[in-house]
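So that the names make sense, note that chain A is the first sequence line, chain B the second, and so on, each numbered from 1.
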Amino acid sequence: MTRKILVTSALPYANGSIHLGHLVEHIQTDIFVRFQRLMGNQCYYMCADDAHGTAIMLSAEKSKQKPEDYIYNIRKEHIQDFKAFNISHDHYYSTHSEENRILSEEIYLKAKQSGAITTKEIKQYYCEQTNLFLSDRFIKGRCPKCHEEDQYGDACEKCFHTYDATELKEPYSVYSGKKPVIKNSIHYFFKLSNFKDIINNWLQEGHVTDPVKNKLQEWLDVGLKDWDISRDAPYFGFRIPEETNKYFYVWLDAPIGYISTTKNWCDTTKKESFERIWKSKEYEIHHFIGKDILYFHTLFWPALLHVGGYQLPQKVNVHGFLTVNNEKMSKSRGTFILAKSYLKKLNPEFLRYYYASKLTSAIDDLDFSTKDFTNKINSDVLGKVINICSRLSAIIHKYGEGNISTIPSGAKNMLESIRSHRKKIENFYETLEFSKAMKEIMICADIANQFIDSEAPWSVAKSDTKYAIEICTAGINACRYIMIYLKPVLPNIVEGVEALLNNAPYKWNDLDTTIETQSIKTYHHLASRITLEEVEHIINM
RNA sequence: CGCGGGGUGGAGCAGUGGUAGCUUGUCGGGCUCAUAACCCGAAGGUCGCAGGUUCGAGUCCUGCCCCCGCUACCA
């Protein structure tokens, strides 16, 4: 049965470049997507830039651009970076779009109609220098409890006390450094508690892993608070319909970007009906997100979807953060790596493999260790896998004029044992246990190398060329299976193998077949070894 | 007593009651087809500490110690 799946990665914020952290998520998602397609499932991958909010407005101002131009350029750069890493988005759109405005308004108005929107007058700090209301993150001061300096408006990082921004001592605006004034403003709230049952039922249905479910259960038990979804002008975003000078908070229209991106893609390509994807149960919706935005995707998002008349997600997959050499990735620590810096020195396929070899379905953080990376790539990708291609094709061209023959009966066991890992690997890809999948595949590569070594076709060739080529034919078939296994992770390298072996693009079902009596091309390096120095060079470039 | 995650051979990890395992690194050997790669073998751990449950604990319970996240540019 062919499954129909729509997959998304969280929308990168259009206020900075893509870095190796973003790529954890996009590579994880892409491996899943490519695996589904390889299996013959209908799988579309949607993403977009999250283009609204105060931060973007201010960054645009700072660079003396209109926000529209600013986000246009960032998006262009994001698309380029993702493409370089072979991330196979079917569409990469923007939340600053007509479709997104219309859908956001629609969903909001439905929520309003259902009685889920309410207003409250709130007291908020206001910076008179910049004419901006200051959210918690944009105001600092002294903690009211322990008096620690330079604390944000929501909680103290020293004593963990949480408070209201207005309780801060000696507050100042992070924009101007000046003391802000308190101003009243009407804000619009989404009554999340109206959807408690919807969320709770959804949560019980196995759409998230157990640890995630436990975390969410905690939040539910504490009680669902109303969600502030409005911001005052000036703001870069969508105006709230039927109101003046009120804008949707960026987190309201951001996830709706998943839907509007699909809508734009459906309208443009006519490949599928938008309603069928988002409103029928024919499609499974799978979201991939980082642990920081779990709240939005598992509480607000199901509620918004429900009130908007859309189907709720089948899966919300949550991953951890990236650390670099076991430190938090940060500019000040000197552990920040941009996608662009990586690309200047290293093969993007290597990062895909490295992440795959470390990714699990858990929320654990993932470490990019320069030493470990170098070892793993040289040893697994080059030494174990690509080396099989390289050593066999050399013999085939030296002794067999570039033609493979038939698989000898003595090699059937070896091929069968490689094929016997198929179901396990399939299952590991499906359940996002990529590290386990890579381990299985490396076992297969070991089997192939051991076989080649024990049969020693290079010495057999001296007395029995025909049999030597048969051994190599078996070896090539082993190699081919391993490449099919790896295709979701290493699309480029595998494409090179398909070309080398004069084969059509592999599907998962090609694990049922063998190749015999045909020519193969001469081998050229599919990838090159790396040194620790090269890898270390990409940090803080 | 704020909450959560974790401490297993040099490094990175697997292992939820029954002879401690994998990858890498180190050392020795083999092969010479291959990108100093591949194959075989060896050394290396009282599984953070202390108690307890059990015929038996890395695995369960209790206490303690240590590290990390919950907080910036960030996902």
Side-chain angles (χ1 to χ4, degrees), chain A residues 9-13 15-26 28 50 55 59 136-137 140 148 150-152 154-162 174 211 214-215 218 222 288-294 318-323 325-333 335-336 357-358 360 362-367 369 371-376 378-399 435-436 438-439 442-443 445-446 448-462 468 471-472 475 523-530:
Chain A
S9 296
L11 312 187
Y13 200 49
N15 194 30
S17 298
I18 299 301
H19 52 67
L20 291 204
H22 291 108
L23 285 165
V24 170
E25 177 169 303
H26 286 258
Q28 183 187 38
D50 175 10
S59 295
D136 293 346
R137 297 243 58 93
K140 280 184 152 186
E148 181 72 11
D150 289 330
Q151 296 309 312
Y152 285 97
D154 50 356
C156 174
E157 60 195 50
K158 182 82 182 286
C159 71
F160 302 104
H161 181 59
T162 56
V174 301
N214 293 341
K215 185 74 204 165
E218 264 178 53
V222 171
F288 285 78
I289 60 167
K291 61 184 180 185
D292 54 322
I293 54 176
L294 181 62
V318 192
H319 61 79
F321 291 161
L322 180 74
T323 55
N325 286 332
N326 266 319
E327 297 234 44
K328 196 163 182 172
M329 186 168 75
S330 74
K331 284 168 187 165
S332 55
R333 280 176 210 232
T335 51
F336 199 80
S357 78
K358 302 212 122 190
T360 68
I363 321 178
D364 301 338
D365 287 353
L366 185 160
D367 187 47
S369 146
K371 212 172 153 189
D372 189 36
F373 177 84
T374 310
N375 281 339
K376 200 152 237 158
N378 284 338
S379 154
D380 288 3
V381 180
L382 282 305
K384 284 186 179 171
V385 175
I386 292 183
N387 185 236
I388 301 171
C389 263
S390 169
R391 64 197 302 207
L392 288 174
S393 50
I395 304 171
I396 291 165
H397 279 275
K398 191 167 175 185
Y399 297 104
S435 71
K436 293 194 174 101
M438 294 309 107
K439 217 169 257 176
M442 286 312 124
I443 290 172
D446 288 342
N449 276 312
Q450 282 158 16
F451 169 81
I452 295 165
D453 207 73
S454 67
E455 295 291 328
W458 55 89
S459 63
V460 171
K462 284 166 191 154
I471 295 164
C472 291
Y523 176 82
H524 300 289
H525 278 186
L526 293 161
S528 305
R529 303 178 71 76
I530 52 175

Among [options], the nucleotide that comes nearest once only the side chain of [X] is considered:
{"X": "N387(A)", "options": "U35(B), C38(B), G12(B)", "value": "C38(B)"}
{"X": "I395(A)", "options": "C39(B), C33(B), U35(B)", "value": "C33(B)"}
{"X": "A394(A)", "options": "U35(B), C33(B), G12(B)", "value": "C33(B)"}

Please, what dot-bracket string fits RNA chain B when only Watson-Crick and G-U pairs with both distances under 3.5 Å count, crossing ones use [ ] and pairs to another strand use |? .(((((((.[[[[.)..(..]]]].(((((.......))))).....[[[[[..)....]]]]])))))).....

[atom1] atom, [N] versus [M]: distance in rounded Å?
{"N": "U53(B)", "M": "G45(B)", "atom1": "C1'", "answer": "26 Å"}
{"N": "C13(B)", "M": "C33(B)", "atom1": "P", "answer": "39 Å"}
{"N": "U59(B)", "M": "C39(B)", "atom1": "P", "answer": "35 Å"}
{"N": "G51(B)", "M": "C65(B)", "atom1": "C1'", "answer": "15 Å"}
{"N": "G15(B)", "M": "G7(B)", "atom1": "P", "answer": "10 Å"}
{"N": "U8(B)", "M": "C67(B)", "atom1": "C1'", "answer": "16 Å"}
{"N": "G10(B)", "M": "A72(B)", "atom1": "C1'", "answer": "35 Å"}

Using a 4.0 Å heavy-atom cut-off to protein, can you give one letter per nucleotide of nucleotides 24-32 of chain B, 5' to 3': B if the base is in contact, S if only the sugar-phosphate is, - if neither? S-----BSS

Face-to-face contact H19(A) to C74(B) six-ring, under 5.5 Å, under 30°: no

Between Y399(A) and G383(A), name the one whose nearest nucleotide on RNA chain B is closer to the 5' end. Y399(A)

